[in-house]
Protein chains: 2
Amino acid sequence: MEQITIKDVAKACGVGVSTVSRAINDHPNINEETKELVLKKIKELGYVPNNSARNLKRSEGKAIAVLVKGMTNPFFNVMIKIMEEDIISRGYTMVLQHVDPSEDEADVALELTKEKRLCGIIFLGGIVTRRGSKLGLLNVPYVVSTIGAPLKGVHEEDYSSVAVDDEREGEKATRYLLNKGYKRIAIFAGAKDDTSVGMLRLAGYRKALEEAGIPVDEDLIMYLPKDNEEYSYYTGYSSAKRLIEEGTVFDAVFAIADVMAVGACRAFLETGRKIPKDVAVMGFDGIDLTRFYLPSITTVAQPIKQMAIETSRLLFEVIDGKEHRHLVFDAEIVERETT
Amino acid sequence: MEQITIKDVAKACGVGVSTVSRAINDHPNINEETKELVLKKIKELGYVPNNSARNLKRSEGKAIAVLVKGMTNPFFNVMIKIMEEDIISRGYTMVLQHVDPSEDEADVALELTKEKRLCGIIFLGGIVTRRGSKLGLLNVPYVVSTIGAPLKGVHEEDYSSVAVDDEREGEKATRYLLNKGYKRIAIFAGAKDDTSVGMLRLAGYRKALEEAGIPVDEDLIMYLPKDNEEYSYYTGYSSAKRLIEEGTVFDAVFAIADVMAVGACRAFLETGRKIPKDVAVMGFDGIDLTRFYLPSITTVAQPIKQMAIETSRLLFEVIDGKEHRHLVFDAEIVERETT
DNA sequence: ATAATTATTGGTAACGTTTCCAATAATTTA
DNA sequence: TAAATTATTGGAAACGTTACCAATAATTAT
């Protein structure tokens, strides 16, 4: 199957290659009639521009890379799907790449831009490289989504972001539990030395307790172990198990990700605890499953779809020459059966 | 940030561009010493080959497209992640693209190959185009994963596949329920005129009943509505609701996807039914959630990871010039609390 | 009617690779 | 020692685009 090139089209139309090129690219300097003719012929011949050649010439690929840390989380799936739709509909390709929790996403991104000629990057989750990272070396626009704190070592005008105010939402969640009358609230946070959302939500937790005049019991804070930092059913489950084993008294759990909340529920119910009578459980994210799990799980629901839409929109804004922006969304506490 | 080209490297080394090219591509006709020198300089200068140029010349991009139908299903997520690892580790790019249930994936694929110069395609789920499809026009190797029946209108030697024997597994599942003593087994199948896994599993269901001498009650077969054919919590939930409303007597449900089983459980528990006392629930796929859901869900567990590994392996085999193959895996019934 | 502008056009040089081909240097064989 | 082979090399032509430039045709202004 031979490829049909712009030359074939030109020959078929009896015009020059540049005319065909102009027709394809909506160039102003072309007669409407010739353009129509060319476009018709193109359809007839089934011609599709060769992207490699185009990218080579334009020295810019029509591709957006999406780097995800923690792909297991269904939260990201929904986002990816929505962003993909937008990316494709604008004629771009989405290159998806996971990055291991132990990897530096700035390194991965840097490598990628060199070989791939991307015209934008979306970071989903993670960004452990916050402290003075190599992100500044990136010469393509990027937006970080679901990260939380502003990136250190990078100017605010040099990237876009969309997120909820994780600290405030963590505080809100904790206060909600406090208002419900829970006194010994455990929190399932992220990895200890991490800088991502988990730690921010934890900070909010501390703040809420402090404001309520309740001293923070460090035994109630369950960090994720170094060897498995991913938010998953499993880490939620084992955190709960660990909490039980350690014998710490608790009457509620705030898991900083829904998937962990699910795992926690399983552990509690398995060990004969009633939810929410013996222990309340609260999640964070607002994935579908919290609605369908039984008991349905109270959660801090992020406006996932909207955030996804804005994430890609923000990126394309910058590609189109506009300024970088930082969007902060409000999350909403959805009360369900676990509290 | 100017791009460093092969010319710069050549100049820096005092050699010709072709020598540099040879060094990069492990060409045999090059002196070991010069090669080392070049490689050292390359690292020094931070040179990375330009993919577009390379693809243009080789007229083959080092990219694998993964087309997924039904991205919401976590089953595919796990597969995607595993395949991606393999794809990246071999130096290829993974281009992920969802295809809407209403779209023809062969069309999408065809379009993609023309503009992207892919060197392989992986189809995940779907392939409604089974009847005499345009798949034959594809001039890149492809493998269909999780599809089930052999593709019609395409020679077996022209593509690879990995799957379980969906009909047999459906039969196995149904027989398992029958052996457990359930008599009125409802099945949540796919869309009625679909040709994908759902219908095969349904065929197995029919076969099992027939063999047991039980006439099939068509009222027990819940097809997915035309406007929402995706396997999801929601479609499982609403199928269950519909079944209840219709007043059909049933004592077990076989959902052809775990996510649907989860939704069904929710609906049954919500309406005061006990699982498995009033109704047994059985899923298919073997996603993590079935373990962590409460009650944990009996399922026909596919060897997801292995299937994912083999899927990309099969593709690269063909890329490396080997023959196409068809792999059939065995699924395993994992008995849990819902039966 | 002529000059000046404007609207279209085709030709061609890049873009950064790979790969064939011929050229040279190094080695082996006769 | 000359001839034949082999191991390395550099040069240059592609790959399919885009975009600049000059050329032509059509229009307007003088």
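The chains referred to below are lettered A, B, ... by the order of the sequence lines, with proteins before strands, and numbering in each begins at 1.
Rounded to whole Å, the distance from CD on E33(A) to P on dT8(C) is 10 Å. Straight-line distance from the CG atom of N55(B) to the C1' atom of dG16(C): 11 Å, rounded to whole Å. Rounded to an integer number of Å, the gap from I6(A) CD1 to dG11(C) P is 13 Å. Separating the CD atom of E36(A) from the P atom of dT8(C) is a distance of 13 Å, rounded to the nearest angstrom. Nucleotide dA13(D) holds its C1' atom 13 Å from the NZ atom of K7(B), rounded to whole Å. The interatomic distance linking E32(B) (CD) with dT9(D) (C1') rounds to 15 Å, in whole Å. A straight line from NZ of K11(B) to C1' of dG11(D) spans 15 Å, rounded to a whole angstrom.
Here the straight-line distance linking atom CD1 of I304(A) with atom CD1 of I309(A) works out to 12.0 Å at 0.5 Å rounding.
Applying the 3.5 Å distance criterion, the base of dA14(D) shares a donor-acceptor pair with the side chain of K57(B).
With T311(B) contributing its side chain and M307(B) its backbone, the two residues share a donor-acceptor pair below 3.5 Å.
The aromatic rings of Y159(B) and Y142(B) sit parallel to each other, their planes meeting at less than 30°, with 60° as the upper class boundary.
Of the residues in residues 14-31 of chain A, G14(A), V15(A), G16(A), V17(A), S18(A), T19(A), R22(A), N29(A), I30(A), N31(A) come within less than 4.0 Å of DNA chain C through at least one heavy atom, sorted by number.
Side-chain rings of F75(B) and Y231(B) stay apart, their centers remaining 6.0 Å or farther from each other.
In terms of phosphate contacts, T5(B) brings no side-chain nitrogen or oxygen within less than 4.0 Å of OP1 or OP2 of dC15(C).
The nucleotide whose nearest atom lies closest to any side-chain atom of L56(A) is, among dT17(D), dC15(C), dA13(D), dC15(C).
Residues S160(B) and H324(B) come closest through the heavy atom pair OG-ND1, 2.8 Å.
Side-chain contact check for H98(A) and E84(B): at least one donor-acceptor pair (N or O, by modelled atom type) lies under 3.5 Å.
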